[in-house]
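Here the structure is laid out as structure tokens; the discussion comes afterwards.
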Amino acid sequence: MMILLGAVLVAAAVVLYVVQPVFSGERAPLASLDEEFTEAEARRHLSLVALRDVEYDFATGKIDERDYRRLRDELAREALDALREVRRGRERTRGSPPARDTLADDLEREIAAYRAALRAGTVCDRCGSANLEVALFCAACGGRLESARGKEAAPAARG
């Protein structure tokens with residue numbers, strides 16, 4: 001009888017451990033990210049992270065406007081070249097090429113997403129990935145976002 005009671009308690013503990021995130025209100029994005037980047041995707045990601053850092057350095061006064069513009073233009077060119085290479089790789093696997101002018105638009109959208117995440121405080125301190133404003137955890141590495149919103153929402157989600 002005691003063994004059966006012990007087995008039931010262990011099973012209940014396991015079930016509670018598994019469903020605990022559902023009841024606590026903690027969420028992670030449902031978007032699936034590829035675990036490995038191609039070389040072009042890695043270069044694009046690094047260029048965007050560097051662009052984000054240049055934006056931050058300029059905003060905090062660490063670099064002057066002349067250096068900011070020079071670095072921004074150089075990094076934007078690198079990111080655009082990498083984005084073109086990523087697109088070419090996707091075209092080879094899918095077939096139809098995108099319109100030429102959409103590459104610059106895609107790059108601008110990604111830069112805008114990093115800026116918005118930086119303003120919202122949802123750029124991951126661990127990996128540098130931009131996350132949705134409502135995110136409490138990083139979509140890339142799973143780490144808790146230490147933003148002002150994350151700090152406010154974390155205790156409320158538990159209680």
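Values reported hereafter were calculated over all heavy atoms of this structure, with side chains retained and with hydrogens, waters and symmetry mates removed. Here the structure is a predicted model, which means the values were calculated and not measured. Heads up: numbering here begins at 1 and tracks the sequence.
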>> Test of understanding: with side chain to side chain contact (heavy atoms under 4.5 Å, CB included), list the residues that count as partners of R69, not counting sequence neighbours.
In response: E65, R72
> How would you list, by chain and number, every residue that makes a side chain to side chain contact (heavy atoms under 4.5 Å, CB included) with L71, sequence neighbours excluded?
Replying inline: V54, I63
>> Just verifying a value: how many Å separate L51 CG and D73 CG, rounded to the nearest 0.5 Å?
In response: 9.5 Å
>> Just to verify, what does E55 make a side chain to side chain donor-acceptor pair (under 3.5 Å) with, not counting sequence neighbours?
In response: Y68, R115
> With R52, which residues qualify under side chain to side chain contact (heavy atoms under 4.5 Å, CB included), at least two apart?
Replying inline: V49, Y114, L118, V123
> Excluding sequence neighbours, so at least two apart, what forms ring-ring contact (aromatic ring centres under 6.0 Å, His included) with Y56?
Replying inline: none
>> Suppose we screen for side chain to side chain donor-acceptor pair (under 3.5 Å). Which residues come up paired with E85, at least two apart in sequence or across chains?
In response: R43
>> If I compare all heavy atoms of A79 with all of R44, which pair ends up nearest, and what's the gap?
In response: O-CG, 4.4 Å
> Hey, what do you get for CG (L83) to CD (E41), rounding to the nearest 0.5 Å?
Replying inline: 10.0 Å
> Does atom CD1 of I3 have more than 12 heavy-atom neighbours, drawn from other residues, nucleotides or ligands, at distances under 6.0 Å?
Replying inline: no
> Residues two or more places apart in sequence or in another chain: which of them pass salt bridge (charged side-chain N to carboxylate O under 4.0 Å, His left out) with R70?
Replying inline: D67
>> Quick check for you: to the nearest 0.5 Å, what is the distance between L48 atom CG and D53 atom CG?
In response: 11.0 Å
> Which residues pass the side chain to side chain contact (heavy atoms under 4.5 Å, CB included) test with D81, sequence neighbours left out?
Replying inline: R84
